[in-house]
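Before any comments, here is the structure.
Heavy atoms only: backbone and side chains are in, while hydrogens, waters and symmetry mates are out. Along the sequence shown, residues are numbered consecutively beginning with 1.
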Amino acid sequence: SAPGRRLVALISRLPSASFMLILVSLALLVFGLVMGFSASFVTGKTGTEQLADQLGFALIGLILVGLLLVFTRRLFSQQREIWFWFVTVIWLAALVCMILVFVPGLGVRVNGAARWLNLPLLPSFQPSEFAKVALILFAAASLERIRVDGSRLLGWVLIVTYALLIALTLLQNDLGSAMLMHIALLAVMFFGEMPLLERGSKALFSILPLTVMPLVVLAVSYLMPSFRQNRWAGFLNRLDSLQALQAIPDQPRNGFLALGDGGLTGLGFGLSKQKYFYLSFPDSDFIFAIIGEELGLIGASIVILLFILFAWFGLRIASKAASNLGKMMAGGATSIIVAQALVNIGGVSGVLPLTGKPLPFFSMGGSSLIVTLILVGVILSVAWFDSAQESAIRRRDAFKLVEGGYQSYQPIRQESSRSLRTSRPVGVRH
């Protein structure tokens, strides 16, 4: 339509996608800190203490983003061989941390789930959160390497270690993280132009079979007797009567009441009622319900709009990346942040089953915020160091000036000729 085309044209005239992504990310971060302060000052620590903790985590995340950009400036853009081994070490470290969760004295149980790791000299953290970053980086680097040299051994290493990661995540009783990891892998494969369907063992590297797997897991979770059946019941029940509302679990019911009380403009900042010990996790899992209660439909819509803009600019960066590796990294990082936001908002509003996953940028907690900022750093590294201009500079540097002219051009060994074609549209090969 004409209004839609005008909107697209207006967005296309905005500053660079990386600059807009930084602005949107900062808006989400500040908004999240403010709402986290409002939602948390009636629990445990005072709101000021929680805000100070969250500011500290944000500072750590920003420092790690800076370090990531420093490393990727040379490793990712110029030294792809070293970059591959760098992300391999990160991947192995993530798997080791996932295993250490089950070691007595190191693993910490919170709310009945053993998902936290307490290492010496470090605060407690969730290894599954950091495993998402490691998965995106390692899967992208491995698939790019497989496309270049066709290494079957590396393919099986990726398959086996990914299956190990999913198994460890499910053993931690964390189905939500397992689903998000699978979405991240599918996004990496999609932006890496992997085929929809292959035969035999190659089907493990095609998109369609891997899309069916999570549907099977969801069906099994519905049939197995566990707390997840209560979540499915709360999701499937029709809220057409007071009796139906009372039949669903307390958490989603109180979340619905919070969203309903907010109306169009909300009760006002800091004036939520449900955060006073009606909602068990008002500052983490159900912070979107507090946003809807205090700021109304307008405030909740602003949050959704910010995530839509984040998806737009993140995917724009992915589409303009010069190499398949950059497309996979930026596309995977953007997809997992937006998917997690969709899962949280959908669960709180009753559109999707509850998973207990935090809302990126908003939910209080160090692991989630730091990992979200690192993923933003991954997208920015692609925008700045894998652009068409950077690719042209690398091709220029491959020439050596000698007497009488240039030596014959030798392409960079780690990049296939296909990765240097910036005009190729993002998609999948059928």
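- In this structure the side chain of Val188 reaches within 4.5 angstrom of the side chain of Ile136, judged on heavy atoms.
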key: Trp156/Ile159 under side chain to side chain contact (heavy atoms under 4.5 Å, CB included): CA gap, chis, key distance, verdict   = CA-CA 5 Å; Trp156 283 109; Ile159 293 171; 4.0 Å; yes
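- Under the ring pair (Phe, Tyr, Trp, His ring centres under 6.0 Å) criterion, Phe307 pairs with no residue, sequence neighbours left out.
- The OG atom of Ser16 lies 9.5 Å from the CZ atom of Phe313; values are rounded to the nearest 0.5 Å.
- For Phe31, the ring pair (Phe, Tyr, Trp, His ring centres under 6.0 Å) test picks out Phe362, with sequence neighbours left out.
- Using modelled atom types, one side-chain atom of Thr72 and one backbone atom of Leu69 make a donor-acceptor pair closer than 3.5 Å.
- In this structure, Asn344 contributes its side chain and Pro360 its backbone to no donor-acceptor pair below 3.5 Å.
- The side-chain hydrogen bond (donor to acceptor under 3.5 Å, both in side chains) test applied to Glu129 returns Lys132, not counting sequence neighbours.
- Partners of Ser284 by side-chain hydrogen bond (donor to acceptor under 3.5 Å, both in side chains), not counting sequence neighbours: none found.
- What you find for Phe125 and Cys97 is that their closest heavy atoms are CZ-SG, 4.4 Å.
- Taking CE from Met181 and CG from Leu165, the interatomic distance works out to 4.5 Å, rounded to the nearest 0.5 Å.
- The shortest non-hydrogen separation linking Ala17 to Ile317 is CB-CG1, 3.7 Å.
- Taken from CG in Leu26 to CG in Leu306, the straight-line distance is 11.5 Å, to the nearest 0.5 Å.
- Residues Ala330 and Ile379 approach most closely at O-CG1, 4.1 Å, considering heavy atoms.
- Although no hydrogens or angles enter the test, the distance criterion places a donor-acceptor pair under 3.5 Å between the side chain of Ser381 and the main chain of Val378.
- Annotation: side chain of Phe288 is in contact with side chain of Ile304 (closest heavy-atom distance under 4.5 Å).
- Residues Ser128 and Gln172 bring no donor and acceptor atom of their side chains to less than 3.5 Å of each other.
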task = Before giving the answer on side chain to side chain contact (heavy atoms under 4.5 Å, CB included), spell out for Leu51 and Leu33 the whole-Å C-alpha distance, their side-chain angles and the decisive distance to 0.1 Å.
result = CA-CA 7 Å; Leu51 178 61; Leu33 291 172; 4.1 Å; yes
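- Considering only heavy atoms from C-beta on, Asp283 stays 4.5 Å or farther from Ser363 through its side chain.
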request  = Decide yes or no on side chain to side chain contact (heavy atoms under 4.5 Å, CB included) for Met328 and Glu193, but give the supporting numbers first.
outcome  = CA-CA 9 Å; Met328 288 187 281; Glu193 301 180 355; over 6 Å; no
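- Side-chain contact between Asn324 and Phe191 is absent, with no heavy atoms from C-beta onward closer than 4.5 Å.
- At least one side-chain heavy atom of Leu143 sits less than 4.5 Å from a side-chain heavy atom of Leu158.
- Gln54 places a side-chain N or O within 3.5 Å of a backbone atom of Gly365 that can act as its donor or acceptor partner.
- Between Leu137 and Met329, the closest side-chain pair of non-hydrogen atoms falls below 4.5 Å.
- Under the ring pair (Phe, Tyr, Trp, His ring centres under 6.0 Å) criterion, Phe310 pairs with no residue at all, not counting sequence neighbours.
- Closest approach of Thr169 to Ala178, counting heavy atoms only: CG2-N, 3.6 Å.
- A salt bridge between Lys327 and Glu144 is absent, with no side-chain N of the basic residue lying under 4.0 Å from a carboxylate O of the acidic one.
- Here the CG-CD1 distance, from Leu369 to Ile60, works out to 9.5 Å after rounding to the nearest 0.5 Å.
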inquiry  = Working note: Glu294 + Lys273, criterion salt bridge (Lys or Arg N to Asp or Glu O under 4.0 Å); need CA distance, chi angles, decisive distance, verdict.
reply    = CA-CA 9 Å; Glu294 294 188 352; Lys273 300 174 183 177; over 6 Å; no
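- The ring pair (Phe, Tyr, Trp, His ring centres under 6.0 Å) test applied to Phe269 returns no partner, not counting sequence neighbours.
- Residues Ser38 and Lys275 form a side-chain contact, since some pair of their non-hydrogen atoms from C-beta on lies under 4.5 Å apart.
- Closest approach of Ser25 to Phe361, counting heavy atoms only: O-CE2, 3.9 Å.
- Counting only N and O atoms by type, the side chains of Lys357 and Ser177 include a donor and acceptor under 3.5 Å apart.
- Phe138 CZ to Leu135 CG: the interatomic distance, rounded to the nearest 0.5 Å, is 9.5 Å.
- Looking at Leu259 and Glu293, their side chains never come closer than 4.5 Å, going by heavy atoms from C-beta outward.
- Scanning both residues, Val87 and Ala141, for their nearest heavy atoms gives CG2-CB, 3.7 Å.
- A distance of 11.5 Å separates CG of Asn118 from CG of Leu100, quoted to the nearest 0.5 Å.
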